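All remarks here apply to the structure that follows.
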Amino acid sequence: MNKVRIDFAPASVQRTLFHTAPAAWLLAGVALGLCALAAAGGWRLLEQRRMDEALAAATRARADAGLRAPAAPAPRIAASQADAVNAAVGQLNLPWRELHDAVAAATPSGIALLALEPDARKHALRITAEARNSTEMVAYVASLKQQQMFSGVALARHEINEQDPNRPIRFQLDAEWRLR
């Protein structure tokens, strides 16, 4: 037979507490503990915010008074390292497109360009090329002199390639370019 619970007592707090299950008491205790932890964390955050505001106010006051911290001294760079960096920057800032366009505009089909070697410090360009004969070589030098990009063009050296059956003339030109 089943147990019958008969309770005719009027509802009260004492009766409710007596009939509350132990699991409900455990859950209420855990909830109360979590609320206490949240309150403590909120209090710590509030204190940290107050300290940050005080620090910011002190920093503003010091800045207004002109008491700034001294700047760290700039690191010393060796002269050789500075020269190397400046040379690299100079090479990167070469007017490559203008130089190439000026050389290409002056180069006829009978001239074979072999090398373009710029020198950024001297604003000079060494051109190595081959021509079928000396007339084409001289005409090419004159054509380069007509280019506005170059202020001076000079034939540095030339030689006939005896190994080749066509015997082309290999020559080098030194050209100085103008800054724009």
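Positions are given from 1, in the same order as the sequence printed here. Because the structure is a prediction, the values reported are computed rather than measured.
Within the model, atoms OG of Ser151 and CD of Glu176 stand 5.0 Å from one another, a figure rounded to the nearest 0.5 Å. Atom CD of Glu130 and atom CD1 of Ile160 lie 12.0 Å apart (nearest 0.5 Å). Atoms CD and CD, on Gln48 and Glu53 in that order, are 11.0 Å from each other to the nearest 0.5 Å. From Met149, atom CE reaches atom CG of Leu144 across 12.0 Å, with rounding to the nearest 0.5 Å.
Side-chain contact check for Leu125 versus Asp119: every heavy-atom pair is 4.5 Å or farther apart. Phe150 is listed as a side-chain neighbour of Leu99, based on a closest heavy-atom distance under 4.5 Å. Side-chain atoms of Phe171 and Ile111, non-hydrogen and from C-beta on, do get closer than 4.5 Å to each other. For the pair Thr128/Glu117, a side-chain contact is recorded, criterion being any heavy-atom separation below 4.5 Å from C-beta on. A heavy-atom distance below 4.5 Å is found between the side chains of Arg126 and Gln172. Here the side chains of Trp177 and Pro95 are in contact, with some heavy-atom distance below 4.5 Å. Using a 4.5 Å cut-off on side-chain heavy atoms (C-beta onward), Val153 and Asp174 make no contact.
For the pair Asn166 (side chain) and Pro168 (backbone), a donor-acceptor distance under 3.5 Å is absent. Counting only distance, with no hydrogens or angles, the side chain of Gln81 and the backbone of Ile77 share no donor-acceptor pair below 3.5 Å. Using a distance-only test at 3.5 Å, with no hydrogens or angles considered, no donor-acceptor pair links the side chain of Ser143 to the main chain of Ala139.
In terms of heavy atoms, Leu17 sits closest to Trp25 at CD2-CH2, 3.4 Å. Shown here for Gly110 and Glu136, the closest heavy-atom pair between the two residues is O-OE1, 3.3 Å. The two residues Pro10 and Arg15 come nearest to each other via the heavy atoms O-CD, 3.6 Å.
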Yes or no on side chain to side chain contact (heavy atoms under 4.5 Å, CB included) for Phe18 and Val13, after CA distance, side-chain angles and deciding distance?
-> CA-CA 9 Å; Phe18 179 73; Val13 174; over 6 Å; no
Apply the test side chain to side chain contact (heavy atoms under 4.5 Å, CB included) to residues His158 and Met137: give CA-CA distance (whole Å), side-chain angles for both, the deciding distance (0.1 Å), then the verdict.
-> CA-CA 9 Å; His158 68 283; Met137 178 183 68; 4.0 Å; yes
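A 6.0 Å sphere centred on CZ of Arg44 holds no more than 12 heavy atoms belonging to other residues, nucleotides or ligands.
By the rule that hydrophobic residues join a cluster once side-chain heavy atoms approach within less than 4.5 Å of another member, Ile169 and Leu114 end up as members of separate clusters.
Taking a cutoff of 4.0 Å between a charged side-chain nitrogen and a carboxylate oxygen, Glu159 and Arg170 do not qualify as a salt bridge. Looking at Glu47 and Arg50, a side-chain N of the basic residue comes within less than 4.0 Å of a carboxylate O on the acidic one, giving a salt bridge. A salt bridge links Arg167 with Glu162: at least one charged nitrogen is closer than 4.0 Å to a carboxylate oxygen.
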